**Q** 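Please see the structure below; I have some questions.
The shown structure was predicted, so the numbers you read here are calculated from the model rather than taken from an experiment.
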Amino acid sequence: QDAYPFTAQVVPIDPVSYVLELFHGPTCAFKDIALQFLPSLLTHSAKKHDPNRTLVILVATSGDTGKAALEGFANISGTKIIVFYPQDGVSKMQKRQMITQKGNNVYVAGIKGNFDDAQSGVKAIFGDKKMQLMLTKHNMSFSSANSINFGRLAPQIVYYITAWCDLIRLEKIKFGESFNVTVPTGNFGDILAGYYAKLLGIPIAKFICASNKNRILTDFIQTGIYDKNRTFYTTCSPSMDILISSNLERLIYLMNNKDSEKNVSLMSQLKTDGKYSVDSNDKEKFDIFTGEYANWSECSTKIHDLYNNTGYVIDTHTAVAAAAYDKYVKNTNDTTKTVIASTASPFKFSRSVMKSIDMKYENEEDFALIDILSKTANVEIPGAINEIRTAPVVHNTVCEISEMKQLVKRNMGI
């Protein structure tokens with residue numbers, strides 16, 4: 001009950017496709033499902049090993065992980081949490097959720113860069129041997145709430161299983177019948193959790209990997225070439241604005257019969273050349289995945305049309321998945337029942353959502369848009385959104401990428 005204090009909900013939007021609402025947690029994002037579980041898991045484990053050691057949680061966020069992690073770890077004894085986010089790469093609502101976070105053990109900083117810069121900076125700190133020695137001296141150790149920590153992925157496997165159970169319970173599929181999954185993907189963690197669910201026996205036939213304009217995963221799945229030497233785009237689905245998808249490394253490892261040396265070689269190529277490729281034989285192993293992408297015009301149209309046809313309102317990330325799924329169906333004529341992962345509440349991206357529904361809302365104030373969205377969708381405003389209307393700003397630090405390590409040391413008091 002403590003691990004999963006809220007539920008995911010399957011909502012039909014047409015006879016074939018169903019939205020899996022994963023945003024009913026305390027920060028209105030799917031990552032709550034893992035980040036309500038992870039703090040208890042980590043602290044329980046840490047106490048068994050060394051009850052006096054402090055866990056320092058380092059987080060790079062493209063928008064949703066940061067707030068979900070802050071909410072999960074705030075005021076948890078024996079922990080400190082430090083979150084880095086791209087200063088100009090998250091929505092106003094996502095930013096406000098983070099900079100108003102209270103807690104005697106939390107620290108938030110914007111960086112002058114994008115999510116890949118934040119993630120690379122955090123990974124560099126994890127790998128700094130001098131920093132590790134310093135931590136040991138002060139009886140501290142690092143951990144992560146990003147999906148580079150497998151403890152983030154494991155709890156997410158569960159909702160693909162519950163989605164399958166719900167489809168059977170609702171008599172949408174029969175026991176043993178396969179279904180597809182469409183996931184809006186940036187760091188490849190959420191869709192990978194679905195693949196682990198398949199390995200556990202859930203009958204998922206196809207994974208539709210949906211990308212926004214930063215379509216690096218779509219290109220990889222279609223060509224077998226991963227190339228980050230491209231323009232980085234800041235989009236209306238900021239949690240997917242990523243060019244280095246950490247969890248793809250885990251999938252490649254599985255597809256290559258757990259050949260760690262081959263993985264090391266490919267990731268070294270990515271670090272030095274900015275790209276790598278898999279040969280044609282290896283590429284065939286990825287056939288269970290198909291890649292599609294949607295630009296903002298297509299996503300905005302999907303938000304508009306779905307509301308006009310059904311009255312149902314989706315956020316900008318779910319729109320990427322829904323629009324990409326439409327392309328997949330058009331290209332394949334596949335009529336398999338499909339679950340579309342809805343990863344965030346539309347209230348977190350109310351401006352983009354309401355402008356898609358009607359441009360007359362373009363100049364409305366942010367919180368006025370939330371009220372309008374509530375009436376439009378006939379959905380109560382989530383408490384997490386209401387709370388930040390008047391919440392004071394607690395964190396206003398902005399730093400260069402090169403200053404991240406020093407900020408970590410200062411916050412840890414070493």
**Q** Tell me yes or no: between the side chains of Thr336 and Asp334, is some donor less than 3.5 Å from an acceptor?
**A** yes
**Q** Do any N or O atoms from the side chain of Gln101 and from the backbone of Met98 form a donor-acceptor pair under 3.5 angstrom?
**A** no
**Q** Given the side-chain rings of Phe232 and Phe115, with only the six-membered ring counted for Trp, is the space between their centroids under 6.0 Å?
**A** no
**Q** Take Asp326 and Glu292, measure what side chain to side chain contact (heavy atoms under 4.5 Å, CB included) needs, and give me the verdict at the end.
**A** CA-CA 9 Å; Asp326 287 346; Glu292 295 288 352; over 6 Å; no
**Q** Can you tell me if Glu400 uses its side chain to pair, donor with acceptor, with the backbone of Glu403 under 3.5 Å?
**A** no
**Q** Rounded to the nearest 0.5 Å, what separates atom OG in Ser147 from atom CG in Asn187?
**A** 4.5 Å
**Q** Taking all non-hydrogen atoms of both residues into account, name the closest pair between Gly113 and Pro86 and its distance.
**A** O-CB, 3.2 Å
**Q** Any side-chain heavy atom of Gln269 within less than 4.5 Å of one from Lys275?
**A** no
**Q** Between Asp88 and Lys112, is there a side-chain N and carboxylate O pair less than 4.0 Å apart?
**A** no
**Q** So do the side chains of Gln97 and Ile385 get within less than 4.5 Å of each other, counting heavy atoms only?
**A** yes
**Q** With no hydrogens and no angle check, is any side-chain donor or acceptor of Lys198 less than 3.5 Å from a backbone partner on Ile204?
**A** yes
**Q** Is Glu364 close to Ile372 at the side-chain level, that is, under 4.5 Å between some pair of heavy atoms?
**A** yes
**Q** Can you see whether Asn229 engages Asp227 through a side-chain donor-acceptor pair at a distance of less than 3.5 angstrom?
**A** yes
**Q** Starting from the C-alpha separation in whole Å, work towards a yes-or-no answer on side chain to side chain contact (heavy atoms under 4.5 Å, CB included) for Phe23 and Ser342.
**A** CA-CA 7 Å; Phe23 50 76; Ser342 184; 3.3 Å; yes
**Q** Return the minimal non-hydrogen interatomic distance between Pro238 and Gly89, and the atom names on each side.
**A** CB-O, 3.3 Å
**Q** Quick check: does any side chain N or O of Asp64 sit under 3.5 Å from a backbone N or O of Ala29, one acting as donor and the other as acceptor?
**A** no
**Q** Keeping the roles fixed (side chain from Glu298, backbone from Asn295), state whether a donor-acceptor pair exists under 3.5 Å.
**A** yes
**Q** Looking only at atom types and distance, does a side-chain atom of His317 sit under 3.5 Å from a main-chain N or O of Ala344, one as donor and one as acceptor?
**A** no
**Q** For Ile148, does its backbone N or O pair with a side-chain atom of Ser246 as donor and acceptor, under 3.5 Å?
**A** no
**Q** Between Arg152 and Gln156, is any side-chain donor less than 3.5 angstrom from a side-chain acceptor?
**A** yes
**Q** Please report the C-alpha distance between Tyr293 and Thr185 in whole Å, then the side-chain angles of each, then the deciding distance to 0.1 Å, and finally whether the side chain to side chain contact (heavy atoms under 4.5 Å, CB included) criterion is met.
**A** CA-CA 10 Å; Tyr293 86 101; Thr185 307; over 6 Å; no
**Q** Decide if the gap between the ring center of Tyr159 and the ring center of Trp164 is smaller than 6.0 angstrom.
**A** no
**Q** Rounded to the nearest 0.5 Å, what separation is found between the OG atom of Ser144 and the CD1 atom of Ile81?
**A** 9.0 Å
**Q** Which class fits the ring pair Tyr276 and Tyr226: parallel under 30°, tilted 30 to 60°, perpendicular over 60°?
**A** parallel
**Q** Please tell me if the side chains of Ile357 and Thr376 come closer than 4.5 Å, counting only heavy atoms from C-beta onward.
**A** yes
**Q** Are the charged groups of Asp128 and Lys405 less than 4.0 angstrom apart, N to O?
**A** yes
**Q** Starting at OG1 of Thr54, measure out to CZ of Phe142 and round the result to the nearest 0.5 Å.
**A** 12.0 Å
**Q** Would Arg389 and Phe367 count as a cation-pi pair here, with the cationic atom under 6.0 angstrom from the ring centre and within 45° of the axis?
**A** no
**Q** Going by the angle between their ring planes, with limits at 30° and 60°, are Phe289 and Phe207 parallel, tilted or perpendicular?
**A** parallel
**Q** Consider only side-chain N and O atoms of Asn212 and Asp241, and report whether a donor and an acceptor are under 3.5 Å apart.
**A** yes
**Q** Measure the spacing between CG of Asp366 and CE of Met354 and express it to the nearest 0.5 Å.
**A** 13.0 Å
**Q** For Phe6 and Ile33, work out which heavy atoms get closest and say how close.
**A** CE1-CG1, 3.4 Å
**Q** For a quick test of your reading: what N or O donor-acceptor pairs under 3.5 Å do the side chains of residues 10-20 make, sequence neighbours left out?
**A**
residue : atom : partner : partner atom : Å
Asp14   : OD1  : Val16   : N            : 2.8
Asp14   : OD1  : Ser17   : N            : 2.7
Asp14   : OD1  : Ser17   : OG           : 2.9
Asp14   : OD2  : Ser17   : OG           : 2.7
Tyr18   : OH   : Pro15   : O            : 3.3

**Q** Are Met140 and Met134 packed together at the side-chain level, in the sense that at least one heavy-atom pair is separated by less than 4.5 angstrom?
**A** no
**Q** Please walk me through it: do Phe84 and Tyr107 pass side chain to side chain contact (heavy atoms under 4.5 Å, CB included)?
**A** CA-CA 9 Å; Phe84 292 100; Tyr107 187 89; 5.6 Å; no
**Q** Ignoring hydrogens, what is the shortest heavy-atom contact between Leu22 and Ala8? Give both atom names and the distance.
**A** CD2-CB, 3.6 Å
**Q** Only one of Leu407, Val108, Asn411, Ile57 clears side chain to side chain contact (heavy atoms under 4.5 Å, CB included) with Ile82; which?
**A** Asn411
**Q** Can you check whether Leu369's main-chain N or O pairs, donor with acceptor, with Arg351's side chain at less than 3.5 Å?
**A** no
**Q** How about CG on Asn331, more than 12 heavy atoms from neighbouring residues, nucleotides or ligands closer than 6.0 Å, or not?
**A** yes
**Q** Indicate yes or no: at least one non-hydrogen side-chain atom of Phe179 is less than 4.5 angstrom from one of Val339.
**A** yes
**Q** What are the two closest heavy atoms between Gly189 and Leu153, and how far apart are they?
**A** O-CD2, 3.2 Å
**Q** Does a donor on one side chain sit under 3.5 Å from an acceptor on the other, for Gln9 and Asp166?
**A** no
**Q** Please report the shortest heavy-atom distance between Val408 and Met131, naming the atom on each side.
**A** CG1-CE, 4.5 Å
**Q** Report the C-alpha distance between Glu71 and Lys67 in whole Å, list the side-chain angles of each, state the deciding distance to 0.1 Å, and finish with yes or no for salt bridge (charged side-chain N to carboxylate O under 4.0 Å, His left out).
**A** CA-CA 6 Å; Glu71 186 72 23; Lys67 174 59 180 178; 3.5 Å; yes
**Q** Working to the nearest 0.5 angstrom, can you tell me the gap between Gln36 CD and Phe73 CZ?
**A** 10.5 Å
**Q** Looking at side-chain heavy atoms only, is the closest gap between Phe286 and Met255 below 4.5 Å?
**A** yes
**Q** Would you compute the distance between atom OG of Ser211 and atom CD1 of Ile242 and round it to the nearest 0.5 angstrom?
**A** 10.5 Å
**Q** Using 4.0 Å as the upper bound for N to carboxylate O, is an ion pair formed by Lys123 and Asp116?
**A** no
**Q** Tell me if a side-chain donor or acceptor on Asp32 pairs with a main-chain N or O of Thr27 at a distance below 3.5 Å.
**A** yes
**Q** Quick check: does any side chain N or O of Thr318 sit under 3.5 Å from a backbone N or O of Ile314, one acting as donor and the other as acceptor?
**A** no
**Q** Is it true that atom CD of Glu365 has more than 12 heavy atoms of other residues, nucleotides or ligands lying nearer than 6.0 Å?
**A** yes
**Q** Please check if any side-chain donor atom of Thr316 sits under 3.5 Å from a side-chain acceptor atom of Ser237, or the reverse.
**A** no
**Q** Strictly by modelled atom types, are Lys31 and Thr65 linked by a side-chain donor-acceptor pair under 3.5 Å?
**A** yes
**Q** Mind checking whether Trp296 and Thr301 have side chains closer than 4.5 Å, heavy atoms only?
**A** no
